Amino acid sequence: MTRAGRGAGGSGRDSLRTQLWPLPALGVVLAVIAGVTLPRLDSMLQRDLPAWLAEYLFSGGAGAARTVLDAIAGSLITVTALTFSLTVVTLQLASSQFSPRLLRTFTSDRFVQGTLAAFLATFTYALTVLRTVRTADSDQATFVPQLSVTLAFVLALASVLTLVLFLSHLADKIRVETMLANVHADATRNLHRLLPDVSPRGRAGAPPQLPSPPSDALLLTIDSSGFLSSVDEKALLAAAVDADAVLVVGHQPGASLIAGTPIGAAWPRASAAFRPDTQTELRQHVRRAISTGPERTGAQDIAFGLRQLTDVAAKALSPGINDPTTAIHALSHSSALLCDMAGRDLGPRLLHDDDHHLRVILNRPDLGELLDLALAQPCRYGAADPAVLTRLLTLLRELAWHTTSSQHQQITHQLARLRATAEAQDFHPGEHARLAKLADYVEQAMTGVWTTATNTDD
């Protein structure tokens, strides 16, 4: 009955993926299980161990075993605190220097999560095994779990190596080039997951004509305020089919929603009006199908990666940072992402039932909105820098080469804006001429002509 492939589950998985605690918590649980079961295995196999294997195991007494486990547990909790402190400092740096929306990139880093998990698991394992070591002073017989203590020693050595790798990884992670590359890669994965590739040069022809809600359409609301994080397309389609209705969700994923404010509309596909019970059920189904959260995510928001890149560019162009080179690098990633988006099915997402009747219209950004997102703020904040304007015009030229004639209107609109901005600046005549030539190259690219030029890129 349904022809929708994406639901709200992706939002929950994305939220879990960007949390620091799940993997370390799993490591602690596994460490407790290992710390309880391995000493029991030790007690069963201790007399049956081959001589060659016993030579490689811990051979000290109970006192030595306690000392080793004490040292491992004490040092690992200190190293864990240091690792956590470095991670927090890195998050603070990324938030203040680049953009608060980059924090999700750091917290979703599997290496950081795995490092914390390894340290906490080693600490927990050593502490759990320590309780099983029995000395001659106790009422019971002396017991030294050789296998368990040996494994604790191996885990401690592995933790030292992990610490070295973590410091190297962290030094690379805080580089702006690495951050931009990671944002670009994550945005590209989300784009390929959410948007089918229509053709190498984008969707040809005019966009489909969509029905407009009638004046007496049923207005749809939600119960909680927040950012639109996900839409359960299967649930919406099923609700529309059951009510024989057409649904329109007027907000895009990532938009800010307010509880009680209309977010869309529904109306009967046939001429008959909704029954009161049908209205109530339809509203309830829509509320359950639309999820909100405290922040934007990339679960269904195709513009989120572009938003992050634009934030970095705008932050770099602020007077407090004044780093136009970083802004130009961010615009390069935005250009590559836009060129990829241009060849995909942008615009509203349409869901049909098995009889090919249009049932659900989900609002999504088109190329014009995405292009405005990528260019508007860098153009405003970098208007006085010829290098930034050069990169913006180069972005339009690159995008023009990847679009069809039906998409050229949006590029022409942005080109006129950039031309007006450049002409209003007090640049050297040579810089004005250079920018004007590059603007001409944008128009040539829209006609399928690429002039091999020099000194047009920074």
Side-chain angles (χ1 to χ4, degrees), residues 1-8 11 194-196 198 203-292 300-303 345-370 372-373 406-407 409-410 413:
M1 183 185 69
T2 62
R3 292 193 176 188
R6 294 189 295 272
S11 176
L194 295 173
L195 297 183
V198 177
R203 176 167 46 182
Q209 294 294 324
L210 301 179
S212 299
S215 58
D216 59 346
L218 177 67
L219 298 181
L220 306 173
T221 60
I222 56 172
D223 294 328
S224 59
S225 302
F227 292 96
L228 176 55
S229 57
S230 65
V231 177
D232 190 337
E233 297 180 357
K234 291 184 178 181
L236 277 185
L237 181 56
V241 172
D242 291 342
D244 193 20
V246 179
L247 300 179
V248 174
V249 177
H251 292 271
Q252 305 168 3
S256 178
L257 305 182
I258 305 301
T261 302
I263 62 165
W267 64 93
R269 192 182 65 84
S271 58
F274 288 132
R275 297 195 309 270
D277 58 334
T278 301
Q279 293 186 14
T280 302
E281 292 178 1
L282 190 56
R283 283 189 169 122
Q284 292 176 349
H285 288 317
V286 170
R287 291 190 184 106
R288 287 195 292 265
I290 295 180
S291 301
T292 59
Q300 293 185 6
D301 186 358
I302 62 174
D345 188 16
L346 299 174
R349 177 166 170 79
L350 311 179
L351 306 181
H352 299 79
D353 58 21
D354 291 339
D355 296 325
H356 304 285
H357 294 140
L358 179 61
R359 290 295 187 177
V360 180
I361 304 172
L362 301 176
N363 193 16
R364 287 191 318 195
D366 57 18
L367 183 62
E369 295 174 271
L370 296 171
D372 189 68
L373 172 61
S406 63
Q407 299 170 312
Q409 182 179 357
Q410 294 91 342
H413 173 72

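Both backbone and side-chain heavy atoms feed into the values below; hydrogens, waters and symmetry mates do not. Owing to the predicted nature of the structure, the values given are computational and were not obtained by experimental measurement.
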What are the two closest non-hydrogen atoms of [X] and [Y], and how far apart are they?
X: Gln279; Y: Leu218; answer: OE1-CD1, 3.8 Å
X: Gln410; Y: Gly368; answer: CG-CA, 3.4 Å
X: Leu194; Y: Asp301; answer: CD1-N, 4.1 Å
X: Phe274; Y: Ala245; answer: CZ-CB, 3.4 Å

Side-chain heavy-atom pair [X], [Y] within 4.5 angstrom cut-off:
X: Leu236; Y: Val286; result: yes
X: Ile302; Y: Leu346; result: yes
X: Ile290; Y: Leu220; result: no
X: Ile361; Y: Leu350; result: yes
X: Asp216; Y: Trp267; result: no
X: Arg283; Y: Ile222; result: no
X: Glu233; Y: Val360; result: no
X: Leu282; Y: Leu247; result: yes

Give, for atom [atom1] of [X] and atom [atom2] of [Y], the distance between the pair rounded to the nearest 0.5 Å.
X: Asn363; Y: Ile263; atom1: CG; atom2: CD1; value: 11.5 Å
X: Leu358; Y: Leu210; atom1: CG; atom2: CG; value: 7.0 Å
X: Leu257; Y: Thr221; atom1: CG; atom2: OG1; value: 11.0 Å
X: Leu228; Y: His251; atom1: CG; atom2: NE2; value: 8.5 Å
X: Asp244; Y: Arg269; atom1: CG; atom2: CZ; value: 5.0 Å

Distance-only, no hydrogens or angles: does the [X] side chain make a donor-acceptor pair with backbone N or O of [Y] under 3.5 Å?
X: Arg364; Y: Asp345; value: yes
X: Asp355; Y: His357; value: no
X: Glu369; Y: Asp366; value: yes
X: Asp232; Y: Ala289; value: no
X: Ser229; Y: Ser291; value: yes

- Message: Given His285, which partner from the list Glu281, Arg287, Arg288 fulfils the side chain to side chain donor-acceptor pair (under 3.5 Å) test?
- Response: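 The option that passes is Arg288.
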
